[in-house]
Structures are given as C-alpha cells and as structure tokens.
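Just below is one structure, and these are the notes that go with it.
One-based numbering, in listed order, for ligands and for the atoms of each.
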Amino acid sequence: MGSKKITIVGAGNVGATAAHWAAEKEIGDVVLVDIVDGVPQGKALDLSETGPVEGFDTRVIGTNGYEETADSDVVIITSGFPRQPGMSREDLLEKNKEVVRSVTTEVAKRSPHCAIIMVTNPLDTMVYLAKTVSGFPKNRVMGMAGILDTARLRTFIAMELDVSVEDIQALILGGHGDDMVPIPRYCTVAGVPITQLMTKEKIDQIVERTRKGGGEIVSLLKRGSAFYAPSASAVQMAEAILKNKKRVLPCAAYLEGEYGLNDIYFGVPVKLGSDGVEAVIEVELTDEERAAVKKSAEGVEKSIAELKL
Ligand code: APR
C-alpha cells in the first residue's frame, strides 16, 4: 500500500503552516496548491529541505494545478481571503465563495473519494457550499472551527489556573463566529468542571475572550488572521481520518435533526475516523444553552441563505 495523500489548497499562512505540521507528522504525502506562480513550489521545496534537519521523509510538492492532487485521501481547503482589522468573518463571504466554489470543483473531480476539511471563512457557510458543489456525502465534508475555538478556551483556562493545557478539555457548540456557545459545565480540568474551580465572573470573562479570540489575533497582527492554531487544528482532523483514530473532536458537521437543527453546518462534537464524520454526539443542554445554540444557528442560516444556492 502506498502512502496516503493530503492536498492542501492555499499556500498562504494557514495552508503553508498546515503543510509544515503535516510533513513533520509523516501522515502522508503532501501536495500544496496555490494560484500564485512559484509560491507553492518554493514553500514545498523549502519544507522538503527541512526533512534532513527535523528528521522526516514526507514528500512535499507544490503546484499551481490539480493533476498532482489526484486520488487524495484528505483535502484541506484554506484558499481565500483572511480578515483584516475591523472585519467580521461574514464580510469575507462574497470574495471567498467564488474561490471555494472553483477549488472544490477541481478537487472533487480528481479525488472523488476524499474527505474535505474546510478552513476558509466564513467557515460554516463555506463548508456548506463545498458539500453542495462536491455532491459528496455529509460524512466526507466537514469544517475546522471547534478544535481551534476550544484550543483558545483551553489556553485561557490554563493561563488562569496555572495548570497544564494538556489536562483541560472544553466544549463549544455552534457557528464559528462571535455567537459561538462555550459550555462551561462541560469544560474540565482532569475531569473537574471549571465551574468548581473559578468564579462565574472569571468564567464569563474567559468565555467572552474566546468568542472574540480570532478578532484579538487579527487586531494584533494588523495584516491577516491567525494561522498557527488554525493549521494545527486542521491537521489534527486530517490525522484522525488518515489513521482512523475515532477521535472525538468538535467540528463543523452537517446536521439532519441533531440538536433540533436541519440542513446546516454547525459546530458539534463528532467522531472522526476513516469514514470522516462517523457520528455526531449530542449532549444534554439547559434551556439557556439551547437558546444560545438557536441564536447561533440563526446566524449561520442567514449566512447560508446569502449563498443563494
Ligand atoms: N486557488 C488556490 N489558491 C488561492 C485561490 C484559488 N482560487 N485564491 C486565493 N488563493 C490563495 C492565495 O494566493 C493565498 O496564498 O489562498 C492563500 C490564502 O492565504 P493567506 O492570504 O495567507 O490567508 P490565510 O491566513 O492562510 O487564511 C486563509 O483561512 O482561516 C481562514 O479566514 C481565513 O479565509 C481565510 C483562509
């Protein structure tokens, strides 16, 4: 059996950094695609030349076309425009929808059995578009958002309590926007809910910082948006699929009745294995949490409607 193949479309900040994580992890051959002549080729060669130093044998190639992407097992789509200060993720919709539409068409043609992991924003809407354009079953089209959002929350909890990030688990439901729904009752430090370890005021502050976590990075960078944590999160999803790990991770998944929602991509805990999204996990919610989920879903539905599919 040959190596697995991962295609990453977009060789910008998120895409090139994803190629870096994937190459180091040796989870498959990496094909990096971008429209800009020379950039994916140059970054792929530079990354290949890192192998002798870091000790990986991953084959990395860069290209402006799609021939080399044929028969990929996983395709991570990061092509499109990032936010600039003052922009919401929704402000990217018009520009990014044409990019995502054309890239998905090319990818689906050559890798009809792949799993697509969307990263381009507005995330929940772009992944919905990719499902429609590819015609793939729902288990093979998913979005990266929840791992990133919970990683931010886990980081802030660790900072506050001065404990290892490794011992912190967190749950966030909903769209990848400021209306996302962190659920502190289900956030734990080694199994102990944070509601027993922090005051409500502190938790509220951390939740608010998490909701605006992407914007915080955009305003610091001033040009573009976060890329280390987003790319690492996308590669974690790819690894779970390629190694059939059955990891339970928060991802944007297509819902048909779960959480009372239909025909929408939404952040929920899922089981990720070789069939992609193998299950959506439903958790019990209070009335207040359910209302917050509904509000977040309304925002995503409005954005999907703007695609005019
Ligand atoms: N095909 C291939 N690549 C494309 C296309 C296309 N049609 N259109 C744009 N690109 C490439 C650009 O040339 C650029 O190299 O996508 C890359 C985007 O890289 P950056 O501008 O560095 O943006 P990045 O920070 O990587 O974010 C990409 O991910 O997190 C989201 O909101 C973010 O939507 C944004 C996306």
Evaluate the criterion side-chain hydrogen bond (donor to acceptor under 3.5 Å, both in side chains) for residue pair Gln41 and Asn64; output intermediate values, then yes/no. CA-CA 8 Å; Gln41 293 88 343; Asn64 301 118; 2.9 Å; yes

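- Listed by chain and number, the residues in a side chain to side chain contact (heavy atoms under 4.5 Å, CB included) with Gln205 are Lys202 (sequence neighbours excluded).
- Ion pair Lys295/Asp179 flagged as a salt bridge, since at least one NZ, NE, NH1 or NH2 atom sits closer than 4.0 Å to an Asp/Glu carboxylate oxygen.
- Through direct or relayed side-chain contacts under 4.5 Å between Ile, Leu, Val, Met, Phe, Trp and Tyr, Leu153 connects to Phe156, Ile157, Met159, Leu161, Val163, Ile168, Ile172, Met180, Val189, Val192, Ile194, Leu197, Met198, Ile203, Ile206, Val207.
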Starting from the N and O atoms of ligand 1, find every protein N or O within less than 3.5 Å and list the pair with its distance.
| unit_1 | atom_1 | unit_2 | atom_2 | d |
| --- | --- | --- | --- | --- |
| ligand 1 | 13 (O) | Asp34 | OD1 | 2.7 |
| ligand 1 | 13 (O) | Asp34 | OD2 | 3.4 |
| ligand 1 | 15 (O) | Asp34 | OD2 | 2.6 |
| ligand 1 | 16 (O) | Gly80 | N | 3.4 |
| ligand 1 | 22 (O) | Asn13 | N | 2.9 |
| ligand 1 | 26 (O) | Asn13 | N | 3.3 |
| ligand 1 | 26 (O) | Val14 | N | 2.8 |
| ligand 1 | 32 (O) | Asn121 | ND2 | 2.9 |
| ligand 1 | 34 (O) | Phe81 | O | 3.0 |
| ligand 1 | 34 (O) | Asn121 | N | 3.1 |

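- In this structure, Glu94 pairs ionically with Lys97, as a charged nitrogen and a carboxylate oxygen lie closer than 4.0 Å.
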Donor-acceptor pairs under 3.5 angstrom involving side-chain atoms of residues 227-237: please list them, not counting sequence neighbours.
| unit_1 | atom_1 | unit_2 | atom_2 | d |
| --- | --- | --- | --- | --- |
| Ser231 | OG | Trp21 | NE1 | 2.9 |
| Ser231 | OG | Phe227 | O | 2.6 |
| Ser231 | OG | Tyr228 | O | 2.9 |
| Ser233 | OG | Ala229 | O | 2.7 |

